[in-house]
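One-based numbering, in listed order, for ligands and for the atoms of each.
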Amino acid sequence: MTADVTACILCSRNCGLSVETDGRRLARIKGDPNHPLSKGYVCQKAARLEHYQNNADRLSQPLQRQADGRFVPVSWDEALTDIAQRLQAIRSRHGGQAFATAGGGGQGNHMGGAYLAQIRAAMGSHQNYNSLGQEKTGDFWVNGRLFGRQDCHTTEDVEESDYVIFLGCNPYQSHGIPNARDTLKAIKKDPARTMVVIDPRVTETAKQADIHLQLKPSTDAYLLSAMLAIIVREGLHDQAFIEQHCTGFEAVEAMLLSVPIDNYIARTGVPEADVYRVARGYARARAGCMRVDLGIQHSLHTTLNGYLEKLFYLLCGHFGKPGGNNLHSSLIPILSHTDERNPRIKSSAYHQMFPVSGILPPNILPDEILQAGEDRIRAMIVDSCNPLLTWADTARYEAAFGALELLVVVDVAMTETARLAHYVLPAASQFEKWEFTGFNLEFPANAFHLRHPLFKPFASTLPEPEIYTRLLEYMGELPTSLPWLSRVARHEPRAGLHLGYMAALAATLARQRHWVPYAASLLYRTLGPQLPQGAAAAALLLPLCLAYANQFPQAVRRAGHRGNRLTLGARLFKTILAQRSGVVFSVHRFDEVWSLVKTKDRKIHLQIPEMLAEWERLGQYADPALDYPFILMAGERRSYNANQIFRDPGWRKVDHDGALRLHPADARTLGLKAGDRARCESAHGQVEVVVSLDDSVQPGVVTLPHGYGARFNNGDPQGPQLNRLVSGTHCDPFSRTPYHKFIPVHVYPLDAADAVG
Ligand SMILES: Nc1nc2c(c(=O)[nH]1)N[C@H]1C(S)=C(S)[C@@H](COP(=O)(O)OP(=O)(O)OC[C@H]3O[C@@H](n4cnc5c(=O)[nH]c(N)nc54)[C@H](O)[C@@H]3O)O[C@H]1N2
Ligand SMILES: Nc1nc2c(c(=O)[nH]1)N[C@H]1C(S)=C(S)[C@@H](COP(=O)(O)OP(=O)(O)OC[C@H]3O[C@@H](n4cnc5c(=O)[nH]c(N)nc54)[C@H](O)[C@@H]3O)O[C@H]1N2
Ligand code: SF4
Ligand SMILES: [Mo]
């Protein structure tokens with residue numbers, strides 16, 4: 001047994017882990033007390049990571065699909081030669097936009113995405129589809145308008161807040177906030193602090209709350225409008241804050257004065273007194289804070305919800321202070337800024353959909369492959385993503401991916417998506433390579449964890465940095481050796497902190513401008529081999545650390561790092577490489593939030609015409625009058641689901657079927673008992689489910705977990721394949737993010753004889 005440290009890869013918290021390894025096994029897993037953010041905290045899921053590391057679906061060699069559908073092993077050289085040639089042919093015949101990527105990183109791995117982006121650059125493609133485009137891009141778009149750039153990302157200081165609202169999120173299960181269960185317990189225990197949950201279900205978090213507003217599904221826009229209107233009409237908004245920091249309040253105020261408060265509250269089904277109590281309580285709090293997630297991002301009015309939620313804390317002045325909502329700085333730029341009003345930003349061919357933060361929405365992808373005629377997407381690389389199960393409309397994805405001229409899947413395991421690929425390329429697992437994520441979203445103190453490998457990769461697997469660098473070389477975009485840069489890196493004195501190398505790199509890129517997009521691979525090939533312990537892939541962090549320290553020298557120094565203008569970033573890089581449990585890289589002051597606002601006047605622009613127009617329309621929508629007796633919330637986070645990261649169903653200690661939660665009164669009407677099988681049918685498709693009786697859901701509402709339905713070891717689907725129920729058009733008209741939490745369905749009892757085929 002060997003003791004070591006790493007991090008959990010199952011959700012964006014990436015809690016530090018202290019592990020014991022036994023050969024190729026993760027034998028014991030506990031929280032790492034030395035991790036700067038999680039400080040020893042873990043939830044029950046981390047202990048099961050051995051099922052990710054070792055299971056029957058792990059890939060061990062490159063595979064090529066034959067005409068008869070069988071996969072045969074091929075060498076890396078054969079696979080990459082053929083892929084490179086086919087990509088080049090598609091680029092010269094149809095242009096770069098005929099190529100797209102999907103994924104590029106999951107909950108624990110963003111290293112590969114930086115290298116994959118280079119293939120898009122080589123192809124001249126802007127088509128980047130990933131899962132953020134099916135949940136968060138509406139939010140990012142609103143940030144772009146309010147704060148000036150779409151990468152102005154907001155965070156929440158839940159720990160210091162005295163009035164926390166959890167809106168459409170269930171941190172007890174999904175986490176998303178630091179050390180969620182401990183943090184919730186601390187708020188609950190403190191009589192001076194208030195916890196409000198706004199959720200249609202009595203969730204595990206709602207059970208801990210002081211106040212639960214159990215609204216009807218997808219009525220958040222009405223509830224938020226009513227609360228904002230109450231606040232402004234009662235003069236509880238923070239006029240001094242608005243005057244000093246915002247523009248455009250008049251338009252928002254005019255809208256709020258016209259909101260029919262009683263009517264909107266009635267639509268939500270929440271008792272009126274509770275709505276007034278929360279509006280007043282939050283507005284008057286010393287430090288109010290809002291945490292949101294899929295409950296408002298996978299439900300009706302997604303983008304408007306994001307706008308209203310942000311108005312909530314901005315109008316109350318709960319922004320830019322301890323215990324409020326804030327912006328944060330980023331070491332790893334996982335988001336970019338692609339304002340659709342800029343004529344240089346390219347839209348998709350068929351839907352003419354614009355990217356947000358550089359990301360296109362998965363809901364349009366099948367049409368961009370199947371409907372766009374000559375301008376269609378013909379080739380794709382899918383990395384760290386399983387769209388067949390995770391993106392809306394499984395059947396349509398099967399057709400679309402089946403129609404591609406070239407589909408390459410880079411994954412650690414044989415997935416449903418991989419089964420459709422021409423080439424399946426086996427990646428080393430996240431415990432077999434250097435990894436990190438860009439999920440460093442904290443303010444004022446922010447931390448970064450570069451994880452080192454615990455195990456050697458399987459013989460014929462490769463880490464993504466090697467896969468994509470080789471592909472660039474096979475495509476002739478980069479030479480296989482760069483003797484001068486390599487020599488500079490090799491002969492640099494240790495005390496030089498790689499600054500001589502950086503000057504040489506800059507000189508090289510000034511001469512060879514077409515290599516600029518390939519800086520990650522250049523660093524990997526030339527500086528990489530000189531880094532300690534084989535950390536070659538992490539070389540790309542050097543320029544990021546230099547840029548960060550250059551931009552925020554005081555924040556880096558406050559975090560305890562030393563150095564002058566030139567050396568501070570390079571030292572930070574060295575510390576990140578050396579510190580195996582993670583590093584605090586910045587400590588901001590709260591007033592620095594204003595330097596993170598990127599509008600020209602450094603003010604927050606409250607008036608967003610598109611949102612005001614949609615807000616105006618809100619009053620005209622009828623109650624969604626439906627021919628279906630139930631609303632399905634498709635994609636609940638539970639104790640034993642973790643996206644599609646685990647394939648072996650044996651990882652689950654409970655809820656093996658991913659059961660449908662059904663209210664006991666509804667079960668009686670339908671004649672269903674716990675454990676019975678049923679058919680859940682939407683306008684679009686159907687899945688077979690096992691029923692559990694549960695009075696945490698409202699009558700007329702049912703829920704299913706996501707993360708099920710994998711065909712482990714080529715067997716039958718384990719649990720519901722949710723995305724068979726959803727059409728790609730069931731989405732927010734603006735951001736095109738899916739309405740997974742509002743799917744009208746029927747539930748029919750199933751006889752043993754008539755299984756869903
Ligand atoms: N255990 C576990 N944790 C995870 C994951 C996982 O798969 N499993 N996935 C991770 C990922 S990728 C993400 S994005 C996060 C998501 O984390 P969350 O968004 O917190 O998780 P969900 O359970 O999908 O949805 C949150 C809540 O929204 C509520 N809800 C449904 N409809 C509405 C509505 O109309 N209005 C409101 N206000 N609420 C509504 C649901 O009842 C649910 O309690 O979780 C992360 N953490
Ligand atoms: N109906 C419905 N659908 C949903 C949701 C929902 O609530 N309802 N939730 C959505 C949300 S919020 C999200 S974020 C998505 C998540 O869905 P996806 O974006 O598809 O991502 P994951 O499930 O995290 O990861 C998928 C793949 O990464 C692979 N993988 C793991 N480690 C590595 C590695 O080191 N390298 C490579 N190359 N591959 C690796 C795994 O084997 C797995 O196949 O699902 C979405 N789908
Ligand atoms: S699943 Fe999330 S909260 Fe749980 S241990 Fe892993 S990273 Fe931490
Ligand atoms: Mo997500």
Side-chain angles (χ1 to χ4, degrees), residues 7-15 17 31 38 41-47 49 52 57 102-103 105-109 111-112 130-132 134-136 166-171 173-176 179-181 197-201 203-206 213 215-220 223 292-300 305 362 383-387 389-392 409-413 415-418 425 427-430 432-433 435 463-464 467 631 633-647 697 701 703-707 710 722-723 725-726 738 740-743:
C8 177
I9 60 167
L10 298 176
C11 85
S12 62
R13 293 311 307 171
N14 300 132
C15 298
L17 299 180
S38 60
Y41 178 88
V42 278
C43 76
Q44 75 288 351
K45 297 192 291 298
L49 279 165
Y52 160 83
D57 277 351
Q107 299 297 302
N109 58 321
M111 175 86 86
N130 72 41
S131 281
L132 286 170
Q134 58 82 60
E135 50 172 327
K136 301 274 180 288
F166 292 112
L167 170 64
C169 60
N170 183 12
Q173 292 296 21
S174 62
H175 292 83
N179 302 3
R181 291 172 188 175
V197 168
I198 303 179
D199 197 304
R201 188 171 85 80
T203 60
E204 296 75 2
T205 309
L213 306 185
L215 79 179
K216 290 187 196 155
S218 279
T219 58
D220 301 78
L223 183 66
V292 306
D293 213 331
L294 299 180
I296 63 160
Q297 292 167 348
H298 275 175
S299 56
L300 305 184
N305 288 339
D383 176 312
S384 306
C385 187
N386 190 2
L389 292 186
T390 55
W391 290 353
V409 170
V410 180
D411 204 296
V412 298
T415 66
E416 291 61 30
T417 306
L425 302 182
S429 89
Q430 295 185 46
E432 299 164 349
K433 64 192 172 204
E435 260 306 350
E464 290 83 351
I467 297 175
I631 294 302
M633 305 198 299
E636 195 170 73
R637 272 65 189 164
R638 294 184 181 170
S639 307
Y640 285 97
N641 60 0
N643 296 347
Q644 296 289 341
I645 298 165
F646 288 109
R647 297 193 55 80
V697 294
V701 178
T703 76
L704 283 170
H706 91 135
L722 283 189
N723 286 312
L725 296 172
V726 212
H740 285 322
K741 299 219 186 287
F742 197 85
I743 304 181

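- Looking at Gln297, His706, Arg637, it is Arg637 that brings a heavy atom closest to atom 12 (S) of ligand 2.
- Of the listed options Gly112, Ser131, Ser384, Ser384 places a heavy atom closest to atom 39 (N) of ligand 2.
- Asp220 CG to Leu215 CG: the interatomic distance, rounded to the nearest 0.5 Å, is 4.5 Å.
- Heavy-atom contacts of Ile645 reach the following atoms of ligand 2: 24 (O) (cutoff under 4.0 Å).
- Of the heavy atoms in Arg647, none comes closer than 4.0 Å to ligand 2.
- Here the heavy atom of the protein found nearest to atom 5 (S) of ligand 3 is Cys43 N, 3.4 Å.
- In terms of N/O distances under 3.5 Å, ligand 2 is not approached by Thr415.
- Checked by atom type and distance alone, the side chain of His298 pairs as donor or acceptor with a backbone atom of Gln134 at under 3.5 Å.
- Counting the atoms of ligand 3 from 1 in the order shown, those under 4.0 Å from a heavy atom of Cys15 are 3 (S), 5 (S), 7 (S), 8 (Fe).
- Proximity to Ala46 (heavy-atom distance under 4.0 Å) selects the following atoms of ligand 3: 5 (S).
- Although no hydrogens or angles enter the test, the distance criterion places no donor-acceptor pair under 3.5 Å between the side chain of Lys433 and the main chain of Pro463.
- A donor-acceptor distance shorter than 3.5 angstrom exists from the side chain of Asn130 to the backbone of Leu132, with no hydrogens or angles considered.
- Of the candidates His740, Gln134, Glu435, Gln134 brings a heavy atom nearest to atom 13 (C) of ligand 2.
- The distance from ligand 3 to the heavy atoms of His175 drops below 4.0 Å at these ligand atoms: 3 (S).
- Here the protein heavy atom with the shortest distance to atom 17 (O) of ligand 2 is Thr390 CG2, 3.2 Å.
- Backbone and side-chain nitrogen or oxygen atoms of Leu294 are examined, and none is located within less than 3.5 angstrom of a nitrogen or oxygen of ligand 2.
- Residue-level proximity to ligand 3 for Ile9 is absent, since no heavy atom of it falls below 4.0 angstrom.
- For ligand 1, the atoms lying closer than 4.0 Å to a non-hydrogen atom of Gln173 are 1 (N), 2 (C), 3 (N).
- When only non-hydrogen protein atoms are considered, atom 23 (O) of ligand 2 lies nearest to Gln644 N, 2.7 Å.
- With hydrogens and angles disregarded, no donor-acceptor distance shorter than 3.5 Å links the side chain of Glu636 to the backbone of Leu704.
- Asn170 and Glu204 share a donor-acceptor pair across their side chains, judged by distance under 3.5 Å alone.
- Per-residue contacts place Asn14 under 4.0 angstrom from the following atoms of ligand 3 (heavy atoms of the residue considered): 7 (S).
- Between Phe646 and Asn641, every side-chain heavy-atom pair lies at or beyond the 4.5 Å cut-off.
- Residues Asn109 and Ile9 have side chains not in contact (no heavy-atom distance under 4.5 Å, counting atoms from C-beta outward).
- Side-chain atoms of Gln644 and Thr390 include no donor-acceptor pair closer than 3.5 Å.
- In this structure, Glu636 falls outside the shell of residues with a heavy atom less than 4.0 angstrom from ligand 2.
- Of the candidates Leu389, Val409, Asp411, Val409 is the only one forming a side-chain contact (heavy atoms from CB on, under 4.5 Å) with Thr417.
- Listed by number with element, the atoms of ligand 1 under 4.0 angstrom from any heavy atom of Ser299 are 35 (O).
- Near Leu722, meaning under 4.0 Å from one of its heavy atoms, ligand 2 places the atoms 1 (N).
- In terms of N/O distances under 3.5 Å, ligand 2 is approached by Lys433.
- In terms of protein heavy atoms, atom 28 (O) of ligand 1 is closest to Gly295 CA, 3.2 Å.
- Contact annotation: the side chain of Arg637 never approaches that of Thr203 to less than 4.5 Å [non-hydrogen atoms, C-beta and beyond].
- A donor-acceptor pair is defined here as one N or O able to donate and one able to accept, closer than 3.5 Å; no such pair exists between the side chain of Tyr52 and the backbone of Ser429.
- Not one N or O on the side chain of Arg647 forms a donor-acceptor pair closer than 3.5 Å with the backbone of Ile645.
- In summary, the atoms of ligand 3 found under 4.0 Å from a heavy atom of Leu10, numbered by their order in the structure, are 1 (S).
- Here the protein heavy atom with the shortest distance to atom 6 (Fe) of ligand 3 is Cys8 SG, 2.3 Å.
- Numbered from 1 in the order shown, with element, the atoms of ligand 1 that lie under 4.0 Å from a heavy atom of Glu135 read 14 (S).
- Listed by atom number, the atoms of ligand 1 under 4.0 Å from Thr203 heavy atoms are 44 (O).
- Contact annotation: Arg638 has at least one heavy atom less than 4.0 Å from an atom of ligand 1.
- Remark: ligand 2 and Val410 share an N or O pair separated by less than 3.5 Å (distance only, no angle test).
- Against a heavy-atom cut-off of under 4.0 Å, Gly168 is close to the following atoms of ligand 1: 19 (O), 26 (C), 27 (C), 28 (O), 37 (C), 38 (N), 39 (N).
- With ligand atoms numbered from 1 in the order given, ligand 1 contributes 35 (O) to contacts under 4.0 Å with heavy atoms of Pro217.
- In the candidate list Gln44, Met633, Arg201, Met633 is nearest to atom 32 (N) of ligand 1, counting heavy atoms.
- For Gln107, the heavy-atom gap to ligand 1 drops under 4.0 angstrom.
- No heavy atom of Gly103 sits closer than 4.0 Å to any atom of ligand 2.
- Not one N or O of Trp391 is nearer than 3.5 Å to an N or O of ligand 2, by distance alone.
- For atom 22 (P) of ligand 2, the choice among Asn643, Ile467, Ile9, Leu10 with the nearest heavy atom turns out to be Asn643.
- Close contacts between ligand 1 and Asp199 involve ligand atoms 27 (C), 28 (O), 29 (C), 41 (C), 42 (O), 43 (C), 44 (O) [criterion: under 4.0 Å to a heavy atom].
- Checked by atom type and distance alone, the side chain of Asn643 never pairs as donor or acceptor with a backbone atom of Leu10 at under 3.5 Å.
- Of the protein's non-hydrogen atoms, Cys11 SG, 2.3 Å is the one closest to atom 2 (Fe) of ligand 3.
- Put simply, CE on Met111 and CD on Gln430 are 11.0 Å apart, with the number rounded to the nearest 0.5 Å.
- Asp199 places no side-chain N or O within donor-acceptor distance of the main-chain N or O of Gly168, the cut-off being under 3.5 Å.
- For ligand 2 and Asn109, the ligand atoms under 4.0 Å from any heavy atom of the residue are 33 (C), 34 (C), 35 (O), 36 (N).
- Here atom 18 (P) of ligand 1 lies nearest to Ser174 when heavy atoms of Ser174, Ser218, Ala642 are compared.
- Proximity of Lys45 to ligand 1 is established by a heavy-atom distance of less than 4.0 Å.
- Interface atoms of ligand 3 facing Lys45, defined by a heavy-atom separation under 4.0 Å, are 1 (S).
- Among all protein heavy atoms, the one lying closest to atom 38 (N) of ligand 1 is Asp220 OD2, 2.6 Å.
- Judged purely by atom type and a 3.5 angstrom limit, Ser38 has no side-chain atom pairing as donor or acceptor with the backbone of Cys15.
- Within ligand 1, the atoms closer than 4.0 Å to a non-hydrogen atom of Gly635 are 24 (O), numbered from 1 in the order shown.
- With a 4.0 Å heavy-atom cut-off, ligand 2 is reached by the side chain of Asn723 but not by its N, CA, C or O.
- Formation of a donor-acceptor pair under 3.5 Å by the Glu135 side chain with backbone atoms of Leu294 is not found in this model.
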